[in-house]
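Below is one structure; the comments refer to it alone.
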Amino acid sequence: MHGEYKVPGGKLVVVDLGVEDGRLRDVRVAGDFFLEPDEALLAIDRALEGAPADTDARGLAARVEAALPEGAVMFGFTAEAVGVAVRRALAHATDWTDYDWQLIHEGPQSPALHMALDEVLTEEVALGQRPPTLRVWEWASPAVIIGSFQSLRNEVDPEGARRHGIEVVRRISGGGAMFVEPGNTITYSLYVPESLVSGLSFPDSYAYLDDWVLGALGDMGIAAWYQPLNDIATDAGKIGGAAQKRLVTGSGAVLHHVTMSYDIDADKMLEVLRIGREKLSDKGTRSAKKRVDPLRRQTGLPRAAVIGRMIDSFRERYGLADGTVTEEETARARRLAKEKFGAPEWTARVP
């Protein structure tokens, strides 16, 4: 069995192993990491040899840490990363480069249709009817998107939303509310097979699926990092947040979507989001602007240029062919947008 794990912001860890009588055999760890002294690598292999095959990543990491020579230095990886690579080998996990990725970047869509497309395209990947896909959103109108489990009345000021003409929709993933205005927001979704994140814990999967965009931001001069559980942050402040939904349809698939702030009208946001106003009531709007630090200020680039560089970065890493939403997918999404995501019963399902 063969498993690989690219440490977010770090190096690649590769593990080859077998299983005999429920225990790990012939374990060999390799990668482009740095490790001192040389004999520490053999110590890692020996630590994993004979471990029960159902040991979780933390348990495997504990074995590695206990076996390392005194003063050993691991750079670009950790004992936990070795454990994750082992779990991915045992789960027959796939890698980004195993797939022919497709890009969807179409014209502006309504907020409800975006919610519906996320559900439909994730299902299509789960059923093997669509390749893994990166979709970059364009917004037709301003919106507040609340998480699947958030209370509508606790998150949104209805009078503020009406006054500013902002539609409120509920997505299928968890997490917090998003305040979106066309031209001020960069949003994308990844629709990936469950096997791509096999062997990863829930938090690790966020970091793993965000790693490419951290690299893209780095190429634009932004030193960004993953901040558990679901934020993309810089020294200047938060620039984005992620959310996930896992479907068990077919072979399983993961929806991972991210919203990043290109620019922000903090005054308007505080008139629409109750939770934002409460969090910042003692510090005022100035703190809202500091809390979220837009990409426009950090890059000095037009929004389209930022998106273009992100797409180019993904294509250089993994390959990316231009695609479209099919007629059948569009028809299904339009029905869902009307019957589910545009319906008060769904939006207010948690009042």
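Residue numbers start at 1 and run along the sequence shown. Every heavy atom of this structure was used, including side-chain atoms; hydrogens, water molecules and symmetry mates were not.
Looking at residues two or more places apart in sequence or on another chain, you find a side-chain contact (heavy atoms from CB on, under 4.5 Å) between Thr187 and Trp137, Trp139, Thr185, Thr259. For Thr324, the side-chain contact (heavy atoms from CB on, under 4.5 Å) test picks out Glu106, with sequence neighbours left out. Every side-chain contact (heavy atoms from CB on, under 4.5 Å) that Leu41 has, sequence neighbours left out, goes to Val29, Phe33, Leu35. The side chain to side chain donor-acceptor pair (under 3.5 Å) search around Arg334 returns none, not counting sequence neighbours. Listed by chain and residue number, Phe34 satisfy the side-chain contact (heavy atoms from CB on, under 4.5 Å) test with Phe75 (two or more places apart in sequence, or in another chain).
Within a 6.0 Å sphere centred on CZ of Arg153, other residues, nucleotides and ligands contribute 12 heavy atoms or fewer. Heavy atoms from other residues, nucleotides or ligands lying under 6.0 Å from CD of Glu328 number 12 at most. Within 6.0 Å of atom CZ in Arg46, 12 or fewer heavy atoms from other residues, nucleotides or ligands are found, so the atom counts as exposed in its surroundings. Around CG of Asp100, the count of heavy atoms belonging to other residues, nucleotides or ligands within 6.0 Å does not exceed 12. Within 6.0 Å of CZ in Arg296 there are 12 or fewer heavy atoms belonging to other residues, nucleotides or ligands. In this structure, Arg58 places its CZ atom where only 12 or fewer heavy-atom neighbours from other residues, nucleotides or ligands lie under 6.0 Å away.
In this structure the side chain of Ser148 never reaches within 4.5 angstrom of the side chain of Ser173, judged on heavy atoms. Side-chain contact between Met74 and Leu68: present, with at least one pair of heavy atoms (C-beta onward) separated by less than 4.5 Å. Val82 has its side chain out of reach of Leu60: every pair of non-hydrogen atoms, C-beta onward, lies at least 4.5 Å apart. For the pair Leu295 and Met220, the minimum side-chain heavy-atom distance is 4.5 Å or more. Ile186 has its side chain within reach of Met310: a pair of non-hydrogen atoms, C-beta onward, lies under 4.5 Å apart. Looking at Pro193 and Val125, their side chains come closer than 4.5 Å, going by heavy atoms from C-beta outward.
The minimum heavy-atom distance linking Ala161 with Val272 is given by the pair N-CG2, 4.2 Å. Scanning all heavy atoms of the two residues, the minimum distance from Arg87 to Thr55 falls at NH1-O, 3.0 Å. Here the closest non-hydrogen pair linking Gln227 and Ala233 is OE1-CB, 3.6 Å. The two residues Pro351 and Ser151 have their closest heavy-atom pair at O-OG, 2.5 Å. Nearest heavy atom pair, residue Tyr208 against residue Asp95, reads OH-OD1, 3.8 Å. Between Ala253 and Thr122 the shortest heavy-atom distance is CB-O, 3.5 Å.
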Any chance you could lay out the side-chain hydrogen bond (donor to acceptor under 3.5 Å, both in side chains) test for Glu194 and Ser198, step after step, and finish with the verdict?
CA-CA 6 Å; Glu194 191 278 334; Ser198 291; 3.2 Å; yes
Determine, step by step, whether Glu49 and Asp45 satisfy the side-chain contact (heavy atoms from CB on, under 4.5 Å) criterion, reporting the C-alpha distance in whole Å, the side-chain angles of both residues, the deciding distance to 0.1 Å, and the verdict.
CA-CA 6 Å; Glu49 189 73 21; Asp45 291 344; over 6 Å; no
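Between the CG atom of Leu320 and the OG1 atom of Thr133 there is a distance of 9.0 Å, given to the nearest 0.5 Å.
Salt-bridge formation is not detected for the pair Arg309/Asp312: no Lys NZ or Arg NE/NH1/NH2 atom is positioned less than 4.0 Å from an Asp or Glu carboxylate oxygen. Salt bridge annotation for Arg303-Glu138: present, with a cationic side-chain nitrogen under 4.0 angstrom from a carboxylate oxygen.
No option in Glu327, Glu124, Glu119 other than Glu124 meets the salt bridge (Lys or Arg N to Asp or Glu O under 4.0 Å) test with Arg332. A salt bridge (Lys or Arg N to Asp or Glu O under 4.0 Å) with Asp118 holds for exactly one of Arg135, Arg170, Arg171; it is Arg135.
Using cut-offs of 30° and 60° for the angle between ring planes, the Tyr318 and Trp96 rings count as parallel.
Using a 4.5 Å cut-off between side-chain heavy atoms of Ile, Leu, Val, Met, Phe, Trp and Tyr, with links allowed through other members, Leu113 and Ile146 fall into different hydrophobic clusters. Both Val197 and Val213 are members of a single hydrophobic cluster when ILVMFWY side chains are connected at heavy-atom separations under 4.5 Å. When hydrophobic clusters are built by joining Ile, Leu, Val, Met, Phe, Trp and Tyr residues whose side-chain heavy atoms come closer than 4.5 Å, directly or via intermediates, Ile264 is grouped together with Leu273.
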Mind listing the side-chain donor-acceptor pairs of residues 4-24 below 3.5 Å, one per line with the distance, residues two or more places apart or on another chain?
{"unit_1": "Glu4", "atom_1": "OE2", "unit_2": "His2", "atom_2": "NE2", "d": "2.9"}
{"unit_1": "Lys6", "atom_1": "NZ", "unit_2": "Gly10", "atom_2": "O", "d": "3.0"}
{"unit_1": "Asp16", "atom_1": "OD1", "unit_2": "His2", "atom_2": "ND1", "d": "2.7"}
{"unit_1": "Arg23", "atom_1": "NH1", "unit_2": "Gly50", "atom_2": "O", "d": "2.7"}

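Separation of the Tyr206 and His256 ring centroids falls under the 6.0 Å cut-off.
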